[in-house]
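Protein chains get the first letters and strands the later ones, always in sequence-line order, with residue 1 at the start of each. Heavy-atom basis, side chains included; hydrogens, waters and symmetry copies ignored.
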Amino acid sequence: MQELIGNKLKELYPELTENLIQIQKTRAEFEGDMTLVVFPLLRVTKKNPVESGNFIGEFLQKEIPMITGFNVVKGFLNLEIDSQYWLEQFNSILETKSYGQHTATDKAYIVEYSSPNTNKPLHLGHLRNNFLGYSVAEILKANGHEVVKTQIINDRGIHICKSMLAWEKLGNGETPNSSGLKGDKLVGKYYVAFDKQYKEEIAELLEAGKTKEEAEKQAPILIEAQEMLMKWEKNDPETIELWKTMNGWVYEGFAVTYNTMGVDFDKLYYESDTYILGKDIVEEGLQKKVLYKKEDGSVWCDLSDEKMDDKLLLRGDGTSVYMTQDVGTAVERFKDYPKTTGMIYTVGNEQDHHFKVLFVILKKLGYSFANECSHLSYGMVNLPTGRMKSREGTVVDADELMQDVVDDAKAIAEERGHLEGMSEEQRNSLYKTIGMGGLKYYLLKVDPRKSMMFNPEESIDLNGNTGPFIQYTYARTQSILRKQSAKGTIEIETEVEKSELDIIKHLAGLPEMITEAGKNQSPALVSNYTYELVKLYNSFYQSVSIFKEEDDKKQNLRLLLTQQVSETVEFTMSLLGISVPEKM
RNA sequence: GGCCUUGUAGCAUAAUUGGAUACUGCACCUCGUUACGGCCGAGGAGAUUUGGGGUUCGAAUCCCUACAGGGUCACCA
């Protein structure tokens with residue numbers, strides 16, 4: 001339709017360019033379906049806005065039979081489109097298999113998310129990260145792109161050595177089995193224990209007259225941890241053994257958490273494998289004179305053209321830094337997946353600078369894929385008490401939070417749910433569906449780029465713009481369809497109510513929404529769309545009766561609408577990683 | 001301090017990327033009152049979009065400035 005209008009306009013004004021033709025959905029408070037913004041056209045119409053609008057409106061109404069009327073408000077031409085057109089649209093939607101799913105493209109993306117350190121359990125921030133990354137991957141798939149979900153596990157370095165050392169000193173051989181503690185929690189416990197002793201030692205040194213800086217560097221336990229890292233790098237068998245054991249515990253714990261979260265990965269990269277990567281590339285960069293070496297032997301990238309400070313890529317002693325690995329890993333990934341056209345890093349906005357630099361360096365080194373790499377930079381999750389800080393114990397643990405929302409869902413479902421005839425197992429799975437649905441929706445409905453507020457006291461709302469509200473509407477559509485299923489398509493002559501047309505119009509916008517969500521990498525667009533759809537459906541549900549309707553055609557239209565809404569909700573919610581229940 | 005970023009009713013948020021009278025939810029007020037599954041629907045009130053200036057036919061959106069948050073400025077990861 002938009003295209004048709006555009007083409008007709010070009011017939012009328014051959015000198016028009018595409019970007020001057022702005023067509024959008026008419027706002028609810030005005031009459032009409034589509035709106036042409038006439039301001040940009042004034043140069044070619046040579047009339048004032050209202051005259052132009054009327055002139056073009058008359059022209060379009062004459063040329064396009066589906067346009068039944070128009071009105072002009074200021075510089076906006078609102079076109080009214082025949083309900084028959086919408087019914088035809090609806091029929092073609094009904095006939096489209098997996099409506100909303102775009103046809104395959106030749107693009108392939110690597111989406112990285114999660115990428116935790118292995119020295120402590122996952123927390124609320126990881127939840128936003130994982131839900132976001134998973135959802136963006138699903139949205140890209142819906143756009144017809146191939147996607148590889150990946151993460152890099154930060155399994156080596158001083159942080160894990162701290163946990164290892166504390167466990168050696170204080171652990172008395174404690175294991176997940178002996179203590180009943182989840183593996184990642186156990187390792188996290190010793191990370192905290194390390195920090196506690198470290199602080200005590202600093203305090204002692206301060207008392208002994210050292211400066212703060214000296215104390216922080218000279219604390220014996222820290223020096224021991226650094227020695228342990230050296231041993232690790234030299235492949236000391238005992239250290240490696242302990243490292244493998246403790247990381248193993250963590251992975252067992254993470255597996256449980258990821259399972260509850262409902263996220264997965266196609267390929268894992270471990271920092272212990274990749275931290276050496278990149279050195280060769282740096283060598284090449286030196287030869288190509290993209291990088292330079294200082295007198296002390298350290299290697300740098302000159303970023304003065306980009307107005308940034310130069311970036312270190314190799315230390316004077318030849319060891320690598322974080323950036324070196326990231327360059328190496330990026331190149332490695334494109335080798336592992338040659339079809340890849342782009343890579344998306346789901347990482348918090350505290351690393352904005354890092355990724356800006358990474359992409360520039362990749363480009364300077366001559367990797368053209370750098371242009372297709374992007375940082376999906378999401379805002380921090382704040383608590384009413386402020387920022388989460390592990391040292392202050394204000395971190396919201398992922399497992400605990402998820403358990404809490406599932407418990408809440410249980411309490412509410414037991415009170416008001418339709419649980420008759422469900423087995424214990426089905427009930428538990430339902431509580432999980434509702435609780436996790438609420439949590440995911442809560443974290444995904446906000447624009448990823450913005451930092452957000454999370455109030456654990458309130459936990460998850462059930463009314464308004466929430467996951468359970470949408471799930472409830474889905475369950476209701478299923479209940480209706482169980483009673484009577486819809487048949488075939490509709491006859492174009494069927495009389496339609498406004499509330500029915502509103503749903504059809506919104507359904508017609510699904511493919512465009514999918515495109516936008518893909519371009520913007522924004523699950524928030526998907527959740528807003530779904531919420532809007534569900535609201536329209538509830539309003540329709542309230543204003544007309546389905547089973548009391550005597551006219552078969554009308555009844556079938558309502559059943560078909562119910563069916564299509566049901567399918568669409570299931571589809572868009574799946575893009576958010578949220579499942580929907582048959583009953584609740 | 002330099003650079004980056006954010007600021008929208010009491011709270012939480014949206015705005016088709018420069019378009020109309022700034023969307024929506026929670027909380028608050030009024031109406032419908034157990035139905036096709038009420039975790040519902042209809043309506044009301046609440047905003048100088050942080051303040052000030054500018055560009056534009058048109059600004060929450062772009063520019064300048066002030067104020068207030070956040071992030072980042074390691075041969076750490």
Side-chain angles (χ1 to χ4, degrees), chain A residues 22-30 35 37-40 42 48-49 73-76 78 117 119 154 156-160 229 271 275 294 296-300 307-309 312-322 325 348-354 356 377 379-380 382 384 386-387 412-413 415-418 434 442 445-447 449-455 458 461-466 468-473 475-484 509 512-513 516 519-520 524-525 527-528 531-532 535 538-549 558-559 562 583-584:
Chain A
Q22 293 178 25
I23 298 170
Q24 50 198 245
K25 251 188 273 170
T26 302
R27 291 212 165 204
E29 56 277 27
F30 300 96
T35 296
V37 186
V38 298
F39 290 111
L42 297 182
N48 74 40
V73 182
K74 294 182 188 169
F76 298 89
N78 301 318
N117 287 352
N119 62 326
N154 300 305
R156 53 134 250 143
I158 191 73
H159 51 86
I160 181 70
L229 181 59
E271 197 195 332
Y275 83 106
K294 281 191 182 171
D296 63 0
S298 58
V299 179
W300 297 75
K307 291 182 182 166
M308 294 188 281
D309 291 337
L312 176 88
L313 282 163
L314 282 180
R315 297 189 184 104
D317 62 5
T319 55
S320 58
V321 292
Y322 213 52
Q325 302 172 37
N349 63 10
E350 56 202 348
Q351 297 206 37
D352 281 354
H353 182 73
H354 175 81
K356 215 167 139 190
S377 161
M380 299 288 100
N382 295 311
R387 195 183 169 174
I412 291 160
E415 193 184 323
R416 330 186 235 187
H418 299 246
I434 298 172
Y442 189 97
K445 74 176 175 184
V446 181
D447 185 331
R449 283 166 280 277
K450 293 193 175 178
S451 59
M452 65 178 294
M453 178 71 88
F454 183 87
N455 191 341
E458 292 170 5
D461 284 337
L462 296 176
N463 297 313
N465 190 1
T466 67
F469 175 83
I470 293 167
Q471 288 172 324
Y472 181 80
T473 306
R476 177 190 267 164
T477 61
Q478 286 298 302
S479 166
I480 292 169
L481 294 169
R482 269 195 299 274
K483 286 201 173 128
Q484 189 170 343
E512 198 190 334
M513 182 282 285
E516 284 301 308
K519 270 191 208 158
N520 292 319
L525 295 179
S527 54
N528 286 339
Y531 178 55
E532 189 62 32
K535 269 205 303 185
N538 278 337
S539 182
F540 150 83
Y541 175 87
Q542 197 80 19
S543 67
V544 301
S545 176
I546 296 174
F547 292 128
K548 284 181 192 152
E549 177 56 55
R558 288 169 196 173
L559 287 168
T562 302
K583 297 178 182 177
M584 66 186 276

Donor-acceptor pair under 3.5 Å, N520(A) side chain vs U17(B) base: yes
Which part of the nucleic acid does [X] contact within heavy-atom distance under 4.0 Å: base, sugar-phosphate only, or nothing?
X: A524(A); result: nothing
X: M452(A); result: sugar-phosphate
X: N48(A); result: nothing
X: R558(A); result: nothing
X: S539(A); result: sugar-phosphate
X: V38(A); result: nothing
X: S543(A); result: nothing
X: Y322(A); result: base
X: D447(A); result: sugar-phosphate

Listed partners of S527(A) passing side-chain hydrogen bond (donor to acceptor under 3.5 Å, both in side chains), at least two apart: none
Options [options], nucleotide nearest the side-chain atoms of [X]:
X: V37(A); options: C36(B), C39(B), G19(B); value: G19(B)
X: E350(A); options: C75(B), U72(B), G19(B); value: U72(B)
X: R156(A); options: C39(B), A77(B), G38(B); value: A77(B)
X: H418(A); options: C40(B), C36(B), G37(B); value: G37(B)
X: I546(A); options: C36(B), G37(B), G41(B); value: C36(B)
X: K450(A); options: C39(B), C36(B), G7(B); value: G7(B)
X: P40(A); options: C75(B), A20(B), G19(B); value: G19(B)

Value rounded to 0.5 Å, distance of OG1 in T473(A) from OH in Y531(A): 9.5 Å
Spacing between Q24(A) atom CD and A15(B) atom C1', to the nearest angstrom: 11 Å
For atom CG of N528(A) and atom P of U13(B), their distance in whole Å: 13 Å
Could you list the protein-to-nucleotides 24-29 of chain B atom pairs, N/O on both sides, closer than 3.5 Å?
from: U24(B); atom 1: O3'; to: K535(A); atom 2: NZ; distance (Å): 3.4

pi-stack flag for F39(A) and G19(B), centroid dist under 5.5 Å, interplanar under 30°: yes
Along RNA chain B (nearest heavy atom to each residue), the more 5'-positioned of Q325(A) and K356(A): K356(A)
Under-4.0 Å side-chain N/O to phosphate OP1/OP2 contact, K307(A) with C3(B): no
